[in-house]
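Note that the coordinates shown come from a computational prediction; the quantities given were computed from them, not determined experimentally. Only this structure's heavy atoms are used, side chains among them; waters, hydrogens and symmetry mates stay out.
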Amino acid sequence: MENHKHRLNPGGIILYDSKKANAEGLGFDFMEIVKKFEGKPIMRNTAAIGALTGVLNIEWSVLEKVIMDAVEKDVDLNLKIAQHAYNRVENPSKSVPKLDQKPLPLVSGNEAIALGAVKAGLNMYIAYPMTPASAILHYLAAHENELGVVTVHPESEIGVALMALGAAYAGARTMVGTSGGGFALMTEALSLAGQGELPMVIVEAQRPGPSTGVPTYTMQGDLAFVVHAGHGEILRVVLAPGDADEAFYTAGMAMNLAWKFQIPTLVLTDKHLSESIFSFEADLDKVKPEQPFLWNNQGEYKRYIDTQNGISPLAFPGNSSAIIKATSYEHDEYGIATEEPEMIEQMQRKRLRKRKALEDELEKYETVKVYGNPDSKTALLCWGSTKGACIEVAEALDLKVVQPLILEPLPVEALKNALSGVDKIIDVEVNVTGQLAKLISGHGFCIDDMILRFDARPFTVDILLDNVKEVLS
Amino acid sequence: MTTIKELGTYAQNTWCPGCGNFGILASIKKALADLEDDGLDLNKVAIVSGIGCHAKIVDYVNVNTFYSIHGRVPPPMTGIKLANPELTVIGHAGDGDAYGEGIEHLIFSAKRNLDMTFIVHNNRVYGLTTGQFTPTSPSGFKGRSTPKGSPEEPLNPIELMLTSGATFVARGYTRNMEHLQFLIKAAINHKGFSFIDVLQPCFTFFNTYDYYNERVYEFIQLNHDVSDRKAAFVKAGEWAYGEGEKIPIGIFYQVKKPTYEEKLLGGRIPVQLTPGNIRPVLEKHI
Ligand SMILES: Cc1ncc(C[n+]2csc(CCOP(=O)(O)OP(=O)(O)O)c2C)c(N)n1
Ligand code: SF4
Ligand SMILES: [Mg+2]
């Protein structure tokens with residue numbers, strides 16, 4: 001009670017268990033209600049929900065349906081307890097207006113990523129359990145047949161990442177998912193994906209580090225890591241969705257870009273996004289499997305043939321007119337290891353030349369999002385799951401919000417446009433050092449203030465509002 | 001029909017003269033050519049290698065190949081096989097590669113029993129990095145990292161694979177080429193995880209030719225029931241990769257069990273799957 005009392009809004013009500021706590025507000029002895037019906041102690045939760053529904057003046061039939069849908073055991077008993085607590089509320093003081101719209105699907109960030117990848121043609125999902133990414137594996141495994149996906153749980157993240165590269169070599173659209181520690185183990189494979197030009201989609205769901213950190217809480221501490229991970233110089237894409245709709249779109253983008261450019265792509269999420277539930281409104285038709293550059297089966301096949309945009313046509317084992325040699329070594333066009341200086345230089349250039357075509361492709365997408373008052377001279381700069389709180393604060397204070405969806409390659413022009421006319425940039429991140437601020441200041445952007453939270457909790461609107469007001473005063 | 005010559009590439013061979021790897025290269029090419037005569041489609045073959053002298057073999061064989069990284073031969077093999085179970089997947093690994101850097105992958109491949117063939121070029125030394133001890137070097141081995149002699153006992157990979165669940169476990173020797181070809185063909189034809197530890201002398205850093213020539217014998221003809229796991233362990237115990245009178249080569253163990261891909265995929269072929277409709281799944285979220 002002491003921890004949270006100060007966050008009570010004017011007119012707010014504390015609903016509490018009178019046997020456990022003491023407060024000003026509405027106290028109920030939930031255990032007594034449960035005992036009356038000979039229920040189990042855990043059913044105090046049901047009683048509390050019943051009382052809350054009563055306080056909020058929501059129709060009983062709504063809660064009745066929710067309990068019937070959600071509760072599996074002792075449904076009748078739960079209903080009785082809830083209804084008793086509901087009826088005990090004498091003066092319902094709050095009223096929640098009913099929205100006049102069709103109910104939307106409730107989807108978590110992780111589920112949206114899974115669905116977006118499926119929509120873009122996912123064949124295989126390979127992962128080793130790690131919070132907060134595990135739910136992607138669980139969800140896809142539970143819906144394997146309906147979604148047409150094969151899921152695999154191997155021995156380690158090293159195994160996961162290398163299996164994914166083998167599967168991609170064989171032609172399967174594959175995705176892997178993990179958190180920071182697992183991604184650390186995947187970095188040798190990331191580098192191989194770069195050298196071997198093997199499509200690879202990685203979901204990195206952040207949690208507070210360093211190391212095991214606070215495994216079931218949230219943080220945005222891995223931005224610099226994923227942007228730079230892997231030895232050697234690698235072309236990659238890093239996407240940072242901020243809600244379930246964006247998670248859906250960016251997962252699809254990650255899959256299509258990985259295959260079109262034969263590169264690793266990353267979807268960077270965090271516990272707050274991955275495990276929060278959203279009303280899902282994405283336009284499903286916006287994501288579909290896009291064709292990579294496939295070989296036309298004419299002449300002799302060279303896996304790494306040098307081309308104008310650097311992209312070599314793909315063929316897969318089993319093709320009767322191609323021999324496909326993929327390799328971790330520097331190599332010639334055919335895929336045989338080389339130490340020749342001219343060839344080394346040519347291949348390094350070829351791989352990185354794909355960046356131009358990639359940047360052209362990215363122009364098709366919305367790479368930087370703007371919310372709030374577009375004419376405000378003050379902008380909150382944020383990325384990923386922090387966007388939600390930023391938007392609400394900006395709306396309250398009439399500010400602008402700028403959220404890059406793509407962090408690598410950084411959409412510098414789009415960011416410049418979004419920030420033009422702004423004379424104060426306040427960077428808002430859930431990490432200790434302000435990693436986005438650092439990343440973009442290397443491109444000439446000047447950050448005026450930083451609001452950083454790193455107690456493993458996401459920003460809530462009330463706290464961020466106070467922080468922003470303080471910075472502005 | 002593909003000739004042995006056509007199974008080669010233009011890559012310049014950089015193995016030392018006298019290297020045991022030449023025997024394995026000749027054997028895999030001959031085995032592939034023979035299997036093609038029996039109906040194997042060479043376009044459906046994919047070979048994976050690690051990093052080390054052994055691994056260069058992928059540059060010397062003109063079929064689909066995936067030149068992986070040190071210790072990571074089984075995971076790409078597994079990914080390839082699961083993505084397209086119609087492919088014939090073969091791995092070439094070094095002893096440092098298979099029994100050191102990536103031993104967990106090897107154990108799991110055997111445990112899962114994927115239908116793949118795994119060939120270890122066991123020279124009992126790190127060849128490429130110029131002569132350090134490996135998990136199968138004899139105790140006391142004086143390598144460049146152990147000038148006072150290796151303080152570790154060697155691992156017996158035959159026993160390890162028997163324990164881990166491999167359904168085909170064999171040992172070969174590069175000097176007994178016909179026998180090695182026979183083993184490789186039998187391994188590829190075996191439906192399940194096939195493992196061959198090939199004694200491959202490193203001419204430069206651990207020349208074991210004389211040692212093996214005196215001790216190696218083929219037990220294929222002798223009384224050995226390959227389906228008898230106990231007998232396999234007894235046979236495997238005849239030589240523990242240290243001192244020893246006799247070194248048996250041949251098939252220690254072979255049994256038939258359902259494969260991982262049969263169980264996991266249930267007939268599905270991921271590279272041919274079309275994505276499912278997400279709308280009915282989303283309906284359940286309302
Ligand atoms: C992660 C990693 N660690 C170390 C190396 C250096 N390295 C290359 S080959 C090798 C050992 C090779 O020994 P083995 O696998 O027995 O192959 P051989 O050369 O004997 O055929 C090592 C340690 C590497 N390439 N990658
Ligand atoms: S170092 Fe040994 S294993 Fe490597 S090529 Fe030379 S002889 Fe063969
Ligand atoms: Mg070796």
Side-chain angles (χ1 to χ4, degrees), chain A residues 103-107 111 115 118-124 126 143 145-150 152 154-156 158-174 188-189 191-192 196 280 284 289 316-329 331 334-337, chain B residues 9-12 41-46 48 51 55-56 58-60 62-84 86-87 89 102 104-105 107-108 111-112 264-265 268 270-286:
Chain A
L104 292 169
L106 293 176
V107 172
E111 289 163 350
L115 293 169
V118 169
K119 201 69 185 20
L122 180 73
N123 300 129
M124 290 174 80
I126 312 179
H143 297 91
N145 295 340
E146 298 146 276
L147 296 177
V149 176
V150 169
V152 192
E155 63 274 21
S156 67
I158 298 178
V160 164
L162 272 294
M163 273 183 205
L165 295 184
Y169 167 74
R173 286 166 92 97
T174 305
E188 61 170 6
S191 190
L192 171 54
F280 186 69
L284 302 189
F316 307 110
N319 184 316
S320 58
S321 47
I323 288 172
I324 301 115
K325 288 186 134 17
T327 175
S328 68
Y329 267 93
H331 46 264
Y334 190 66
I336 301 278
Chain B
T9 67
Y10 59 83
Q12 198 197 343
D41 180 353
L42 291 186
N43 285 111
K44 291 194 172 160
V45 171
V48 180
I51 295 294
K56 298 176 180 177
V58 292
D59 274 359
Y60 307 150
N62 200 23
V63 296
N64 301 311
T65 56
F66 185 114
Y67 206 147
S68 183
I69 48 181
H70 190 45
R72 317 293 174 218
V73 180
M77 292 173 73
T78 306
I80 294 168
K81 187 69 186 177
L82 289 180
N84 186 355
E86 293 178 347
L87 299 175
V89 183
E104 76 273 29
H105 310 304
I107 292 171
F108 271 84
K111 174 179 181 284
R112 295 184 186 120
L264 185 90
L265 299 175
R268 292 174 297 172
V271 291
Q272 292 169 14
L273 283 176
T274 44
N277 185 357
I278 69 170
R279 280 175 211 273
V281 177
L282 266 177
E283 282 295 312
K284 294 188 215 159
H285 287 260
I286 293 181

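Top candidate by heavy-atom pairs under 4.5 Å with chain A, chosen from B:Pro280, B:Pro270, B:Pro75, is B:Pro75. Chain A forms more heavy-atom pairs under 4.5 Å with one residue of B:Thr78, B:Leu282, B:Asn84 than with any other, namely B:Leu282. The candidate from A:Met124, A:Glu155, A:Arg173 with the greatest count of non-hydrogen atom pairs under 4.5 Å with chain B is A:Glu155. Most heavy-atom pairs under 4.5 Å with chain A: of the set B:Leu87, B:Asn43, B:Ile51, this distinction falls to B:Asn43. Considering only heavy-atom pairs separated by less than 4.5 Å from chain A, the leading option among B:Ile278, B:Leu273, B:Leu264, B:Leu82 is B:Ile278. No other option in B:Lys56, B:Gln12, B:His105 has as many heavy-atom pairs under 4.5 Å with chain A as B:His105. Most heavy-atom pairs under 4.5 Å with chain A, from the set B:Ser68, B:Ala55, B:Pro74: that is B:Ser68.
A donor-acceptor contact shorter than 3.5 Å is absent between the side chain of B:Asn64 and the backbone of A:Pro317. For the pair B:Tyr67 (side chain) and A:Gly335 (backbone), a donor-acceptor distance under 3.5 Å is absent. Put simply, the side chain of B:Lys81 never gets that close to the backbone of B:Glu86: no donor and acceptor are under 3.5 Å apart.
No part of A:Ser191 comes within reach of chain B, as not one of its non-hydrogen atoms sits under 4.5 angstrom from that chain. Only the side chain of A:Phe280 comes within less than 4.5 Å of a heavy atom of chain B; its backbone N, CA, C and O stay farther away. For a residue to count as touching a neighbouring chain, one of its non-hydrogen atoms must lie under 4.5 Å from one of that chain's; by this rule A:Ala164 does not touch chain B. Looking at A:Glu111, the atoms closer than 4.5 Å to chain B (heavy atoms on both sides) all sit in the side chain, from C-beta outward. In this structure, chain A has heavy atoms under 4.5 Å from both the backbone and the side chain of B:Phe66.
Heavy-atom minimum distance, A:Gly171 versus B:Val271: C-CG1, 3.6 Å. Closest approach of A:Met163 to A:Pro154, counting heavy atoms only: CE-CB, 3.5 Å. Nearest heavy atoms, B:Val45 versus B:Val63: CG1-CG2, 4.4 Å.
For B:His70, there are no ring-ring contact (aromatic ring centres under 6.0 Å, His included) partners, not counting sequence neighbours. Every residue two or more places apart in sequence or in another chain that forms a side-chain contact (heavy atoms from CB on, under 4.5 Å) with A:Asn319 is listed here: A:Trp295, A:Asn297, A:Ala315, A:Ser321, A:Ala322.
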